[in-house]
Amino acid sequence: MRTFLLTCSLMWLMAGPALAGEILSVVKSAKTVRCGVSTGIAGFSEQDGNGRWRGLDVDFCRAVAAAVVGDPERVSYKALPTLARFTALMSGEVDILARNATWTLRREVTLGLVFTGPLVYSTQGILVRSQSAIQSIADLDSTKVCVVKDSTQDASLMFWARRKQLHLEKVDFDSDEQAREGFFQGVCQGYASDAVLLASMRLGAPGGKDAYTIIKDDLTLDPLSPAVRQGDQEWRQLVEAVWASLLLAEEFGLKQADFQPGASPSPAKEVYLIKSDFLAKPFGIEPGWGARVIGAVGNYGELFRRNLGSDSPLGLEPGPNRLWSQGGLFIPPDF
């Protein structure tokens with residue numbers, strides 16, 4: 001805890017307050033969005049064989065660039081290890097952090113950042129070896145579990161253990177990378193993290209995907225969200241508007257194909273364009289930003305399927321990552 005508080009204090013000293021409109025003005029002037037991503041998490045942010053960044057977090061940054069500067073390719077990606085992610089945002093190295101971070105009030109209050117809307121809701125999970133004797137929550141009693149200290153998973157793991165009356169030996173690490181390596185080296189019988197991240201990690205795990213099983217706790221749910229620095233209300237609102245536009249497009253029944261050259265007009269498309277363009281002048285961006293966003297990356301459902309769902313190697317079910325009208329947790333604010 002002392003380490004966490006010291007880190008928070010240093011971040012505040014480095015960052016200083018952002019002036020209203022400062023970040024948005026810099027992004028528009030540079031015509032580039034600087035986006036902090038992971039060092040390589042399948043489905044979220046990783047480079048393909050050609051060095052091109054792909055994933056859900058990457059697509060969100062591309063959507064922001066499409067809205068602000070008119071080109072989804074105008075993104076500069078900075079790969080950040082776990083320990084450097086919030087420092088890079090608060091020091092101004094990146095304009096937006098899209099690195100599968102859990103939205104918590106403590107982080108907003110102590111770090112001086114703002115989360116702009118969840119891209120994924122994930123249950124807590126513990127990764128175990130498929131051939132081990134651990135096949136259920138009860139089997140975790142008297143085992144060692146690797147976890148990142150002072151993380152949201154750290155707190156959830158202890159709450160989970162008390163609720164289930166399990167005696168777990170927690171093995172702390174400073175980062176996801178270290179905890180993951182500790183698990184693969186046999187330091188622990190389990191590795192605690194968000195279930196969607198564990199599913200991603202299994203793809204490249206030693207021995208292959210089927211060598212590991214994820215035990216889930218469906219009573220714990222983490223919202224993973226992009227974040228920006230506090231102090232620039234215009235930038236925060238614009239990033240939130242991009243997030244909302246992805247959900248509203250799906251709610252309107254609009255897809256990426258509807259905003260390609262030669263696409264047919266429709267009443268839903270017309271209403272979506274009119275409503276989204278109400279925000280263009282206050283933000284100081286070119287009209288048609290909503291069309292540019294969806295034309296570049298698709299609606300939220302398309303993003304999920306392409307990166308994490310049925311059209312991806314992960315093949316995850318959306319679960320809570322659906323609109324409210326489909327039984328999910330997403331309720332977008334109207335334009």
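Below, all heavy atoms of this structure are taken into account, side chains as well, without hydrogens, waters or symmetry copies.
Judged by distance alone, the side chain of Ser122 and the main-chain N or O of Ala195 form a donor-acceptor pair under 3.5 Å. Listed for the Asp141 side chain is a donor-acceptor partner under 3.5 Å among the backbone atoms of His167. Between the side chain of Arg129 and the backbone N or O of Tyr212 there is no donor-acceptor pair closer than 3.5 Å. For Ser225 (side chain) and Gly117 (main-chain N/O), a donor-acceptor pair under 3.5 Å exists by modelled atom type. Judged by distance alone, with hydrogens and angles left aside, the side-chain atoms of Ser91 form a donor-acceptor pair with the main-chain N or O of Thr87 at under 3.5 Å. Remark: side-chain polar atoms of Gln135 are paired, donor with acceptor, to backbone N or O of Ser130 under 3.5 angstrom. In this structure, Trp243 contributes its side chain and Leu119 its backbone to no donor-acceptor pair below 3.5 Å. Between the side chain of Glu108 and the backbone N or O of Phe115 there is at least one donor-acceptor pair closer than 3.5 Å. Not one N or O on the side chain of Gln189 forms a donor-acceptor pair closer than 3.5 Å with the backbone of Thr143. Between the side chain of Lys209 and the main chain of Ala199, no donor-acceptor pair closer than 3.5 Å is present.
For CD of Glu270, the number of neighbouring non-hydrogen atoms (other residues, nucleotides, ligands) closer than 6.0 Å is 12 at most. Counting non-hydrogen atoms of neighbouring residues, nucleotides and ligands closer than 6.0 angstrom, the NZ atom of Lys28 exceeds 12 such neighbours.
Leu197 and Leu203 fall within a single hydrophobic cluster, where Ile, Leu, Val, Met, Phe, Trp and Tyr are joined by side-chain heavy atoms under 4.5 Å apart, directly or via other members. Clustering ILVMFWY residues whenever any of their side-chain heavy atoms sit less than 4.5 angstrom apart, transitively, puts Ile285 in the very cluster that holds Tyr272. Criterion: ILVMFWY side-chain heavy atoms under 4.5 Å apart, direct or through other members. Under it, Leu254 and Val271 are part of a common hydrophobic cluster. Linking Ile, Leu, Val, Met, Phe, Trp and Tyr residues whenever their side-chain heavy atoms come within less than 4.5 Å places Val33 and Val297 in a single cluster. No continuous path of hydrophobic side-chain contacts links Val128 to Tyr191 [ILVMFWY only; heavy atoms under 4.5 Å].
Relative to the six-membered ring of Phe259, Lys269 meets both conditions, a distance below 6.0 Å and an angle of at most 45° to the axis. With Phe86 as the aromatic partner, Arg99 does not meet the cation-pi criteria of under 6.0 angstrom to the ring centre and within 45 degrees of the ring axis.
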(message) Using side chain to side chain donor-acceptor pair (under 3.5 Å), reason through Gln124 and Asp222 one step at a time and then give a plain yes or no.
(response) CA-CA 7 Å; Gln124 170 89 37; Asp222 287 339; over 6 Å; no
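Taking the ring centroids of Phe278 and Phe283, they lie at or beyond the 6.0 Å cut-off.
A salt bridge links Arg54 with Asp48; the closest basic N to acidic carboxylate O contact falls under 4.0 Å. Using a 4.0 Å cut-off between charged nitrogen and carboxylate oxygen, Glu240 and Arg236 count as a salt-bridge pair. The residues Arg62 and Glu73 are annotated as salt-bridged, a charged nitrogen and a carboxylate oxygen being separated by less than 4.0 angstrom.
Pro226 and Ile96 get closest at one heavy-atom pair: CB-CD1, 4.2 Å. In plain terms, the two heavy atoms of Ser193 and Leu198 that are nearest each other are CB-CD2, 3.7 Å. Here the closest heavy-atom approach between residue Ala263 and residue Ala257 is recorded as CB-O, 3.5 Å. Contact detail for Asp139 and Ile134: the closest heavy-atom pair is CB-CA, 3.6 Å. Looking at every heavy atom in both residues, Cys35 comes nearest to Val75 through CB-CG1, 3.8 Å. Leu308 approaches Phe44 most closely through the heavy-atom pair CD2-CE1, 3.9 Å.
Screening Glu234, Arg229, Gln230 for a side chain to side chain contact (heavy atoms under 4.5 Å, CB included) with Asp232, the sole residue that qualifies is Glu234.
In this view, Arg305 satisfies the side chain to side chain donor-acceptor pair (under 3.5 Å) rule with no residue, not counting sequence neighbours. Every residue two or more places apart in sequence or in another chain that forms a side-chain contact (heavy atoms from CB on, under 4.5 Å) with Lys170 is listed here: Val147, Asp154, Leu157, Met158, Asp172. Every residue two or more places apart in sequence or in another chain that forms a ring-ring contact (aromatic ring centres under 6.0 Å, His included) with Tyr121 is listed here: Phe330.
Side-chain atoms of Gln256 and Asn299 form no donor-acceptor pair, as typed in the model, at a separation below 3.5 Å. For the residue pair Thr82 and Glu177, a side-chain donor N or O sits within less than 3.5 Å of a side-chain acceptor on the partner. No side-chain donor-acceptor contact under 3.5 Å links Ser156 and Thr220. One side chain, Asp59 or Asn307, offers a donor N or O that lies under 3.5 Å from an acceptor on the other. Side chain to side chain, Glu181 and Gln185 meet the donor-acceptor criterion of an N or O pair below 3.5 Å.
A distance of 13.0 Å separates CD of Glu286 from NZ of Lys281, quoted to the nearest 0.5 Å. The CD atom of Gln326 sits 11.0 Å away from atom CG of Asn321, with the distance rounded to the nearest 0.5 Å. Between atom CD1 of residue Ile214 and atom CG of residue Leu127 there is a gap of 6.0 Å, rounded to the nearest 0.5 Å. If you take CG on Leu89 and CG on Leu113, they are separated by 6.0 Å, rounding to the nearest 0.5 Å.
Residue pairs meeting the disulfide (SG to SG under 2.5 Å) criterion with at least one member in residues 116-225, sequence neighbours excluded: Cys146-Cys188. Residue pairs that meet the side-chain hydrogen bond (donor to acceptor under 3.5 Å, both in side chains) test with at least one member in residues 31-42, sequence neighbours left out, are Thr32-Arg74, Arg34-Asp95, Ser38-Ser45.
Using the six-membered ring where Trp is involved, Trp53 and Tyr77 have ring planes that are tilted, between 30° and 60° apart.
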Distance-only criterion, 3.5 Å: show the donor-acceptor pairs between side-chain atoms of residues 245-252 and protein atoms not counting sequence neighbours.
from   : atom 1 : to     : atom 2 : distance (Å)
Ser245 : OG     : Val242 : O      : 2.6
Glu250 : OE1    : Gly301 : N      : 3.1
Glu251 : OE2    : Trp324 : NE1    : 2.9

